[in-house]
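Have a look at the structure below before the remarks.
Quick note on labels: first sequence line is chain A, next is B, and so on, each numbered from 1.
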Number of protein chains: 2
Amino acid sequence: MSEIAGTPRDRRRRETTAEILEAAWRLSRRDGLGSVSLRDLGREVGLRASSLYAYFDSKAALYDAMFRQGQEQLAALAAEWPRSLADVDDPRRTAKELAARFVAFCTEDPTRYQLLFQRVIPGWEPSPESYALAVARVDELRVTLASVGIEGDEAVDLWTALLTGITDQQISNDPGGDRWSRLVPWAVDLFFDQLRSEP
Amino acid sequence: MSEIAGTPRDRRRRETTAEILEAAWRLSRRDGLGSVSLRDLGREVGLRASSLYAYFDSKAALYDAMFRQGQEQLAALAAEWPRSLADVDDPRRTAKELAARFVAFCTEDPTRYQLLFQRVIPGWEPSPESYALAVARVDELRVTLASVGIEGDEAVDLWTALLTGITDQQISNDPGGDRWSRLVPWAVDLFFDQLRSEP
DNA sequence: GTCTATATCCAGATAGAC
DNA sequence: GTCTATCTGGATATAGAC
């Protein structure tokens, strides 16, 4: 729990674990999530594949740690946002910013997006504890949308569908571009005009 | 080109090819697209893996044939639809039906959806000729939307994002259910109300 | 904790006999 | 067209020495 504590040995261990995770992300971005081998991963950090088992029980455990890390990055981003839009100057404008940042978070690292939001690794899915982090994000979103009068599970679901749909198209059909991501403000307008009565 | 022509030998060859493709779909649905091995695939049709090379040049060619088949299935579905909504009784209602059928097409076979609309197989993408089939679908959609006054590439892009987003959430977070797919009529309303001036 | 060595199993692809 | 045999290379994981 404490982030600075521990013996020097603990410290070293955490450092190596972090290095392995970084390398795993690097290789995943280069070759695809499913194509990372423990041999390559070991080589990347100066270890033999078998030595990685001192840090992760299995490859599935490695994926789970990556998933958790990605969720924590999203949580860190979300922590910077206002939870309620009721008391901001321009709720609609702020909503557009939040939406744009979420889509940017997803498209700036398609590999991370795939791990967090799609099931592309055969036979793997996040552990219940890790998946709970994702559920917490949706709960936050519900509160935020409700603060501007957009209520109900269905509205939340449509919102997520809209943003992940834009992300998905962007990644699959115009990687690196903005053909879909630039539609975000428009999509938010559409959503607000329809679901909210405002001045 | 001719579908019935050919010597008996040709006929047999086409039959076997079709059997292999069927088996490939079956195994993909069972184990995931990326997990199909030529060994298993051969066993499924009573052949050795090496014999499959008499029908497909490589595994990538097999994926390409599957992709083409999926696109043709979608094209066959689209061929039943009215190209223009200008002269149907209730354009909005018809649009809802088309959208619902598209989402149903995608969710009823998530594996096919992944192959057609996502890039989940490391190192593989459809050949240009096969991808052209997908582009043709979008062109059709452009015409259809234009027929009800919804014009512009951006509207087409947002439409596809909306429907694939709904599909994606449905597949990833509520497989077999309808938590997202039931939102289709609502999404179409949202779209029409905003982008179209109608009586 | 890291190594070597190994177990076990799998992949895609090709050569050449029949 | 199909087979056997094989190539070449890969995977995850474990045992046991140091």
**Study point:** Lys/Arg-Asp/Glu bridge criterion (N-O < 4.0 Å) met for A/Glu154, B/Arg179
**Key:** no
Point to revise | Residues, nucleotides or ligands: over 12 heavy atoms within 6.0 Å of B/Arg93 CZ | key: no
Every protein N/O lying under 3.5 Å from an N/O of nucleotides 11-13 of chain D:
from, atom 1, to, atom 2, distance (Å)
D/dA11, OP1, A/Ser37, OG, 2.2
D/dA11, OP2, A/Arg39, NE, 3.4
D/dA11, N7, A/Arg39, NH1, 3.2
D/dT12, OP1, A/Lys59, NZ, 2.6
D/dT12, OP2, A/Leu38, N, 2.8
D/dA13, OP2, A/Tyr53, OH, 2.7
D/dA13, OP2, A/Lys59, N, 3.2
D/dA13, O5', A/Tyr53, OH, 3.1

Review point. What residues, two or more places apart in sequence or in another chain, satisfy side-chain hydrogen bond (donor to acceptor under 3.5 Å, both in side chains) together with A/Asp109?
Key: A/Arg29
Revision key, fill the gap. Footprint ends on DNA chain C, 5' to 3', for atoms under 4.0 angstrom from a heavy atom of chain B, come out as C/dA11 to C/dT14
Practice item. Check whether the side chains of A/Gln194 and B/Asp189 place a donor and an acceptor atom closer than 3.5 Å, and report yes or no. Key: no
Point to revise | B/Glu151: side-chain hydrogen bond (donor to acceptor under 3.5 Å, both in side chains) partners, not counting sequence neighbours | key: none
Exercise for review: Check which hydrophobic residues are tied to B/Tyr131 through side-chain heavy-atom contacts below 4.5 Å, counting indirect links as well, and list them.
Suggested key: B/Val135
Exercise for review: Only counting residues at least two apart or in another chain, list the ones meeting ring pair (Phe, Tyr, Trp, His ring centres under 6.0 Å) with B/Trp159.
Suggested key: B/Phe191
